[in-house]
Amino acid sequence: MTLEQAFAEVVRTKLRALGIKQYELAEMLGIKPQYLSDILNSNRKGEEHKAKIREILAIKESDYK
């Protein structure tokens, strides 16, 4: 499993636990849901948004590294 895949898995798990939909997270980030999907599917790097995703969902880098 790549680092990107591990990150996406942790994000999706956290979203389910918090009852937040991907489109709602995209709104919080100020991006389109398709762009968030691309980040989570490793089609785009989205490095500038990953820090904000970690902040919003209270994810530590150690959770997926």
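The residues of the chain are indexed from 1 along the displayed sequence. Just so it is clear, the values below take in all heavy atoms, side chains as well, and ignore hydrogens, waters and symmetry mates.
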(request) Say whether L15 and M28 are linked into one hydrophobic cluster, either directly or through other cluster members, by side-chain heavy-atom distances under 4.5 angstrom. (result) yes

(request) Find the distance between CD (Q22) and CZ (R16) and round it off to the nearest 0.5 Å. (result) 9.5 Å

(message) Please determine whether residues L3 and V10 belong to a single hydrophobic cluster, defined as Ile, Leu, Val, Met, Phe, Trp and Tyr linked transitively by side-chain heavy-atom distances below 4.5 Å.
(response) yes

(request) Find the distance between CZ (R44) and CG (N41) and round it off to the nearest 0.5 Å. (result) 12.0 Å

(request) Indicate the atoms forming the closest heavy-atom contact of L25 with I20, along with that distance. (result) N-CG2, 4.1 Å

(message) Working to the nearest 0.5 angstrom, can you tell me the gap between S37 OG and Y23 OH?
(response) 15.5 Å

(message) Tell me whether the count of non-hydrogen atoms from other residues, nucleotides or ligands lying under 6.0 Å of NZ in K50 goes above 12.
(response) yes

(message) Assess the residue pair K65 and K60 against the criterion (side chain to side chain contact (heavy atoms under 4.5 Å, CB included)); give the C-alpha distance rounded to whole Å, side-chain angles, the decisive distance to 0.1 Å, and a yes or no.
(response) CA-CA 9 Å; K65 284 191 175 182; K60 297 179 222 140; over 6 Å; no

(message) Apply side chain to side chain contact (heavy atoms under 4.5 Å, CB included) to residues I53 and L36 and explain how you reach the verdict.
(response) CA-CA 10 Å; I53 291 169; L36 177 58; 3.9 Å; yes

(message) Quick test of your reading of the model: are K21 and E24 salt-bridged, counting only N-O distances below 4.0 Å?
(response) no

(request) Indicate the atoms forming the closest heavy-atom contact of L29 with H49, along with that distance. (result) CD2-O, 4.2 Å

(request) Please step through side chain to side chain contact (heavy atoms under 4.5 Å, CB included) for the pair I39 and V11, ending with a clear verdict. (result) CA-CA 11 Å; I39 292 170; V11 169; over 6 Å; no

(message) Using every non-hydrogen atom in the two residues, find where A6 and M1 come nearest and quote the distance to one decimal.
(response) CA-SD, 3.6 Å

(request) Mark yes or no for whether D63, through its side chain, and I59, through its backbone, hold a donor-acceptor pair below 3.5 Å. (result) no

(request) Only one of E9, R54, Q5 passes side-chain hydrogen bond (donor to acceptor under 3.5 Å, both in side chains) with Y64; say which it is. (result) R54

